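Below is one structure, written out as structure tokens; comments come after it.
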Amino acid sequence: MSRYLRLAAISFVAILAFGISAAAQQQSSTDNSTPTGQAKGTPPLGSFGGSDFDKVNLFNGNVSMQFPLSMSGGRAGMGAGATLSYNSKFWRMVTDRPNPQNSYNVPTYDEWDNGTFIAPGWRINTGRLVARHSGWNPSSGNCGSEPAGNQETLTRITFIAPDGTEYEFRDTLDDANPANDGQPSLLGPANCGTLQAYNRKSVWITYDGSAATFVSSADIWDISLIPGGGDPPFQTYPSGDVYLRDGTSFRVTNGRVDWMQDRNGNRVSYTYYSGSPNGGFLHTITDTLGRVTEFSYNIVDPDDVTGQTNLLVRVVQHRDPSDPDDDQVWKVVRLKLKNALRQDYVTDADPTYEELWPGTLTGPFNENMPSAVVLPTGHSWKFLYNRYGEVASVETPAHGKIEFDVVAGAGNTPTGPSPFVFRYLKERRTYVRAVDASPEGKTSYDDPSVGYPAVGTPPAETVVDVIRYIGTTSIINRSRHFFYSHPLTGVRSPRSDGYTRWQEGLEFKTEEAGSVGSTWVNRSRSHATWRQASPVGWIPSATTETENQPASNPRVIDKTTTILENGLDLVSKVDYVFDTTPYNNVTQERVFDWGAGAPSSTVLRQVNRTFEKSATYTSATIANVVHSRSLVLTESVGTGGAAESMTTNVYDGESIETCIDCRRRRTIRHSTLAG
């Protein structure tokens with residue numbers, strides 16, 4: 001926990017008795033929802049670079065990494081374990097109000113969801129569910145002895161996946177419309193504060209195209225109470241079931257995952273520590289074969305006879321309870337930040353808050369950081385940092401190395417009337433061997449926060465150049481990425497209800513270019529047309545293109561590709577038709593031939609699909625649901641006329657019938673696809 005929040009007090013003791021938390025006298029940009037500029041993990045509609053273990057969010061400059069801690073096998077080769085995840089977007093500003101007359105902007109690295117991180121940017125998370133309750137437009141009525149209340153209220157539920165990706169669930173009532181005093185469900189004649197202001201029921205869904213569902217064990221209500229003393233909106237921790245579109249499900253109790261099950265029926269169960277010092281941290285995993293994996297935190301390595309190695313985490317997988325020698329052990333080695341700095345960040349002075357954030361906090365910033373993940377084989381991932389605690393170097397088990405330069409962007413303004421932390425990945429370098437002085441290649445990234453004005457209209461788009469090199473000077477190519485909106489728009493110019501505008505962060509154009517000497521030459525261009533599945537009903541006069549509305553399952557309806565060759569533009573197009581259900585499944589895909597300056601009208605390939613829609617597979621409110629929302633029933637491939645091949649899938653105990661050439665009606669039968 002950061003130095004700042006260790007000193008913070010807890011208020012609203014009476015309200016906490018109802019299971020509601022409110023961090024004492026602090027507000028931040030993540031109170032109502034998480035803006036795209038601070039998004040972690042790999043959101044379903046993002047654009048990313050990187051490698052197998054690290055991903056770079058091109059829109060906001062976040063670096064995310066995943067390192068398995070234990071592996072559990074299961075049927076069909078599927079299984080689950082725990083993951084140590086890292087995201088570089090961990091610094092944020094909170095507004096501290098020690099009393100009603102004063103406020104201070106303070107940096108912190110604590111996670112907004114309270115309780116899964118083990119070091120700045122690092123967490124072991126099996127899944128976390130939080131309801132964020134917000135309200136605005138305080139009542140001017142006379143509440144007498146009743147507490148004051150907001151006239152408009154809203155609740156959003158966020159599921160934080162193990163990699164840090166956040167899924168935002170909204171209720172299914174009236175397109176998740178914020179409740180206002182014109183709605184009879186609000187209690188109290190003068191809209192006075194209450195813990196049950198508006199019942200949003202128990203079924204919640206995502207609207208970002210990911211087709212996930214949360215079914216709460218009890219109805220979830222808006223809260224119209226106004227937090228006192230400048231505190232943030234309230235958080236609660238519901239119980240219920242989370243279903244992802246691929247059939248993965250999570251059973252949640254009070255915000256923590258009890259078990260996770262994949263589509264093959266492999267179930268992994270979790271327990272957590274209670275009480276001090278590790279309360280809320282993952283304690284055990286029991287896999288589908290009954291094997292137990294145990295987690296210990298902040299201990300001296302029992303395998304080091306010198307007692308000099310400190311561990312953040314020790315993970316023991318008991319593969320055979322009767323044979324301790326068969327245990328597998330993973331270790332996360334711990335070092336103070338000042339002892340784990342990349343060489344070019346080492347100075348005589350220890351890192352301090354004054355150095356990092358002048359004019360805010362005082363005192364040392366010298367947290368315990370993961371310096372290595374030691375695998376059961378003895379091989380290791382090794383980590384070094386910059387002075388902000390951001391990962392600056394990763395040495396792989398094969399002794400290669402990747403370096404990351406994370407720096408402050410133009411949008412980094414931790415002081416002033418609109419404080420915000422914006423740091424992004426500027427450069428990524430790869431080395432064949434960790435001991436090499438020169439990289440084999442590097443990639444540079446533009447600052448996506450450039451161009452946001454202090455006042456006035458935010459830019460309509462963000463452009464990020466990604467340049468790849470052999471070595472450090474020989475350019476291979478450049479890609480230019482065009483995104484709707486700006487990563488700071490949702491922070492500094494949010495909607496009044498806190499919803500993210502649907503276009504924010506969507507990439508609509510990409511250009512690929514090479515260099516001829518010092519001149520860039522465009523090679524190709526792709527352009528995507530985005531549309532909402534439907535307009536949000538409570539936004540006046542909204543259409544599927546209206547920018548200022550929340551997401552309603554955005555999708556790409558067509559994509560054109562242009563090859564620029566010898567002054568001639570050759571253009572092809574693919575267009576898509578989607579199903580009428582909110583699952584963003586493509587029911588038709590047509591590929592058009594190349595044409596000069598415009599796509600040809602000739603269809604080279606047309607694919608038609610139908611999908612399983614029965615409640616057994618798609619419902620989230622019946623018992624023993626499969627919840628697999630992209631199961632293809634039929635798929636035909638042709639050229640726009642007669643189908644030349646067709647595949648029919650029948651699930652659970654039936655065969656798959658395939659027509660290779662429908663004109664000859666040849667049929668091949670296969671074994672069961674799913675069961």
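Note that the structure is predicted; figures quoted are calculated from it, not measured. The first residue of the sequence shown is numbered 1, and numbering continues consecutively from there.
Residues meeting the side-chain contact (heavy atoms from CB on, under 4.5 Å) test with Gln261, sequence neighbours left out: Ser249, Trp259, Arg267. Shown here are the side chain to side chain donor-acceptor pair (under 3.5 Å) partners of Gln588, two or more places apart in sequence or in another chain: Asn608. Residues meeting the side chain to side chain donor-acceptor pair (under 3.5 Å) test with Asn278, sequence neighbours left out: none. Under the ring-ring contact (aromatic ring centres under 6.0 Å, His included) criterion, Phe159 pairs with Phe250, not counting sequence neighbours. Under the side-chain contact (heavy atoms from CB on, under 4.5 Å) criterion, Val536 pairs with Asp175, Trp538, Ile539, Gln549, Pro550, Ser552, sequence neighbours left out. For the ring-ring contact (aromatic ring centres under 6.0 Å, His included) test, residues two or more places apart in sequence or in another chain that qualify with Tyr86 are Trp122. Residues satisfying the side chain to side chain donor-acceptor pair (under 3.5 Å) criterion with Thr610, sequence neighbours excluded, are Thr634. Every residue two or more places apart in sequence or in another chain that forms a side-chain contact (heavy atoms from CB on, under 4.5 Å) with Asn137 is listed here: Gln151, Glu152. Among residues two or more places apart in sequence or in another chain, the salt bridge (Lys or Arg N to Asp or Glu O under 4.0 Å) test is passed with Arg492 by none. For Thr546, the side chain to side chain donor-acceptor pair (under 3.5 Å) test picks out Thr543, with sequence neighbours left out.
Evaluation of the salt bridge (Lys or Arg N to Asp or Glu O under 4.0 Å) test over residues 234-253, restricted to residues two or more places apart or in two chains, returns Asp241-Arg251. Within the structure, every pair that satisfies the salt bridge (Lys or Arg N to Asp or Glu O under 4.0 Å) test and touches residues 531-542, not counting sequence neighbours, is listed here: Arg531-Glu545.
Side chains of Val586 and Phe578 form a contact here, defined as non-hydrogen atoms less than 4.5 Å apart. Here the side chains of Trp221 and Leu195 are not in contact, with every heavy-atom distance at 4.5 Å or above.
Just one of Asp258, Thr83, Val257 meets the side-chain contact (heavy atoms from CB on, under 4.5 Å) condition when paired with Thr126; it is Val257. For the salt bridge (charged side-chain N to carboxylate O under 4.0 Å, His left out) criterion with Asp222, the lone passing option out of Arg156, Arg200, Arg132, Lys201 is Arg200.
Judged by distance alone, with hydrogens and angles left aside, the side-chain atoms of Ser224 form a donor-acceptor pair with the main-chain N or O of Thr194 at under 3.5 Å. Put simply, the side chain of Ser485 never gets that close to the backbone of Glu504: no donor and acceptor are under 3.5 Å apart. Remark: the backbone N or O of Phe611 is not paired with any side-chain donor or acceptor of Asp579 at under 3.5 angstrom. In this structure a side-chain-to-backbone donor-acceptor pair under 3.5 Å is present from Thr206 to Ala212.
Between Ser630 and Asn585, the side chains place a donor N or O and an acceptor N or O closer than 3.5 Å (distance only, hydrogens not considered).
Under the 30°/60° scheme for interplanar angles, the aromatic rings of Phe169 and Phe214 are found to be tilted.
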